[in-house]
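As the structure lists them, so they are numbered: ligands from 1, and atoms in each ligand from 1.
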Amino acid sequence: MAIADKLRELSKNLYWAWHPEFIRVFRDIQPDLWREVNHNPVEFLRRLADQAVEDTYRDPRMSNRLTQAFHKLHNYLEASEVWGAWHAGPLRAFPVAYFSAEFGLHESLPIYSGGLGVLAGDHLKAASDLGIPMVAVGLAYTYGYFEQSLDASGWQHERYFSASEEALPLELVKNEYDQPVRIAVRTESYEIWVGIWQVRVGRNLLLLLDTNVDGNSDEDKALTSRLYGGDRRTRILQELILGVGGMRALCQLGITPSIIHLNEGHSAFAILELARTLMERDGQSFHNIREQAAGMTVFTTHTAVPAGHDVFEPALVEHALGPLRQQLGLSPRDLLALGRSDPNNEAEHFSMTILGFRMSRSRNAVSFLHARLTKAIWYHLWPGVPQHQVPINYITNGVHVDTWLSEPMADLYAQYLGPDWRERMDDPRTWDAIGNVDDIELWEKNQQRRAHLVEYVDRCVQRQEKARTGQETSEYVQHAKLDPNALTIGIARRFAVYKRMDLLFRDPARLDRLVNNPQRKVQFIFAGKAHPQDERGKYLIQTVFRFTRDPRFVGRVVFIENYDINVARHLVQGVDAWLNTPRRPLEASGTSGQKVAVNGGLNISTLDGWWAQAYDGDNGFAIGRGGEHSNLDYQDQVDIQALYAVLENEVVPLFYDRAADGIPHGWIARQKHALRTLPWRFSARRMVVDYTLGCYLPAAGGLTSSLRVDVRLLSDVLGQARAGRPT
Ligand SMILES: *Cc1c(COP(=O)(O)O)cnc(C)c1O
């Protein structure tokens, strides 16, 4: 096989996205182009001449790397000694179908907007690593989410780019006659045709549904082009395609899931299509198979904020679901009742979250605190059940460690935890060996991580300023340079009001004193987007932007535009500490701080979301003591004081209190304690194991884990199913 073809083959499995040695196989051919194409190997190879590839690969070191990468991928794909083989055999023939409106797998695949998508991406990667058969279903947004830039006043502007399918790691799903597989979804008045792309995510597949196919009106072709774009009608049709279309796509491809896992309510219509197929199979009424469908459904709710829950007016529901409703033998009122808290209230809109709760038997929030709040919000769906007994559990979110891990720390773990630490990362004993790391060595890693980040931030600031002013360089760029030795704190997330991204600036004089002590400099790196319709969020961005221009804070506070997986990865890998200031109890979980934790950074956070569970007094810092006040201004006041106090009295002294060897041993001790107590608990590996043992296997019919079945690739099953099946 020609080198370029080999590389193209590697580029078609996103396995490269969590393996730096694979990335080097591409990047080192032409590093500038690699950056220019946003680290997208498919586009990279399209833009490179095959000759350039051949030239680079004349170097035996490069061809050696490629050979090794190939081996590694094939060994991975063919491995049978995986966790799933021993513990999740029953899922082998009937996999988990995982539905999500977004998947954040890599910056070059623009089908995510933020935390929900990144979590779904991490879930898929961890399921692949564990060898858990899973097929994921999403939508093929070619426009994706917006790119953010700030103008000279700090106001956010949004730009949408259309990516062509050839520039993405997508393969069109075809039948044995080499014809694209298509399915149809029927609304009240007409049919929408849907094509299917597949993305290989390690051992598993992600199917992306696309209405941009012949036979659809122009309007319908655009249905799946944008993530969370368009009006309510577009939204419900997107959700119809995701849920109902997704189930039909699986069926068409011969995949029979044993469980459907709905990542948030957007895909909840899938349950209705599942019910329909069960009715058809067993010749039963909806009433009779209802429990069975619910028993196969795992529903995860992700937000405590009302705007995060989709509701639709009854006429829209009838428009989108009329034909399916008739097949289910339900009256409009019966159907609407499934999504209403009061089935008799004709005025009530249809809630996707309520549908999810009513029609699933495994319901999860994403942290302990979030479960408590979710029960308090939804207890009325279970009349007569005391609030604490409302049947909603929680599985705390976690992050896919390899996706977020810096290379210096990966080297350290390989050395101290053992070469096979990845297979044992969810075992606390694995991390005890961190105690053996020499303080000097860990400090050295901190210096490397921070220097790399500071360089990256300088590059970003330069590029942003150039875009804003048209000038190559400016006085601002010179002064905004960060110090590679200063305490570096990151704070990045969506600019939603409850996250209070401006909290740090409520007392600028006090902040000035904190950051400008020449012996104890502190620098903050901000990033985050506001929802395009959220004027208050945009206003908060502008507030932060103005402080980056305030002479007191130039070079102490910078803003990196266009927060995405790439920006996130750089930040979490390099910072000393991570600041998180949500108004408790509104942060469902939060995962960015977990990404920092796997890199040895320390969290400074209100006791909300995952941190309320994780903080033990010594593995990071708490802002306040977890108080909640009904007067929000008062709560803000309390938290502001607590924020400054923890920075002034704990964080800054611990970082700058140096022994004669120049090393802050107290800081390092806290880092080591954090590494012993956090990554094993908050990894996606632990999360997916929890889902498998706690939800998937019980829902798959109570089959026990003693069955040993060889794990083959889901794509093989798919191939066989397709070959033996006329379409
Ligand atoms: C991890 C991540 C998030 C979610 O982090 P939170 O802590 O929930 O804010 C959002 N956006 C991006 C790009 C991420 O990588």
Side-chain angles (χ1 to χ4, degrees), residues 17-18 38-39 100 102-126 144-148 227-228 263-264 300 302-305 308 365-367 369-370 396-406 460 490-501 525-531 537 540 560-575 577-599 601 603-606 608-614 620 678 682-684 687:
W18 65 98
N38 198 21
H39 318 136
S100 180
E102 36 174 317
F103 288 92
L105 290 154
H106 186 259
E107 57 266 26
S108 64
L109 190 57
I111 54 172
Y112 71 98
S113 76
L116 180 73
V118 173
L119 180 84
D122 279 8
H123 193 102
L124 270 194
K125 290 170 182 169
Y145 203 51
F146 71 90
E147 282 202 4
Q148 174 199 54
L227 178 52
Y228 305 143
N263 187 47
E264 194 53 289
T300 303
H302 282 269
T303 179
V305 182
V366 294
S367 71
L369 212 52
H370 181 230
T396 308
N397 287 343
V399 295
H400 183 252
V401 170
D402 274 314
T403 295
W404 304 104
L405 188 60
S406 64
C460 290
I491 168 164
R493 47 191 51 79
R494 196 158 48 83
F495 274 73
V497 169
Y498 78 88
K499 300 195 186 224
R500 302 185 297 187
M501 291 287 280
I525 307 170
F526 276 79
K529 294 173 174 177
H531 187 276
L540 285 176
I560 304 300
E561 293 173 11
N562 200 39
Y563 183 47
D564 67 353
I565 288 178
N566 182 41
V567 174
R569 198 173 48 239
H570 281 92
L571 287 176
V572 301
Q573 292 184 351
V575 293
W578 192 248
L579 185 61
N580 184 32
T581 54
R583 188 182 285 133
R584 178 172 156 136
L586 293 180
E587 188 66 270
S589 166
T591 52
S592 54
Q594 301 171 347
K595 301 168 193 167
V596 171
V598 303
N599 283 292
N603 278 272
I604 311 165
S605 174
T606 46
D608 197 9
W610 78 285
W611 193 237
Q613 247 160 285
L678 300 175
F682 299 101
S683 69
M687 168 177 74

Sequence neighbours excluded, which residues qualify as salt bridge (Lys or Arg N to Asp or Glu O under 4.0 Å) partners of Arg584?
Glu628

Results of salt bridge (Lys or Arg N to Asp or Glu O under 4.0 Å) for Glu561 - residues two or more places apart only:
Arg468

Which residues pass the ring pair (Phe, Tyr, Trp, His ring centres under 6.0 Å) test with Phe526, sequence neighbours left out?
Phe505

Give the residues near ligand 1 by chain and number, with the criterion being a heavy-atom distance under 4.0 Å.
Gly114, Gly115, Val118, Trp404, Arg493, Lys499, Tyr563, Asp564, Ile565, Ala568, Gly590, Thr591, Ser592, Lys595

How close do Asn263 and His302 get, counting heavy atoms only, and between which atoms?
OD1-NE2, 2.6 Å

I'd like to know if the side chain of Gln148 and the backbone of Asn562 have a donor-acceptor N/O pair within less than 3.5 Å.
yes

Treating Thr300 as the side-chain partner and Ala365 as the backbone partner, does any N or O pair qualify as donor plus acceptor under 3.5 Å?
no

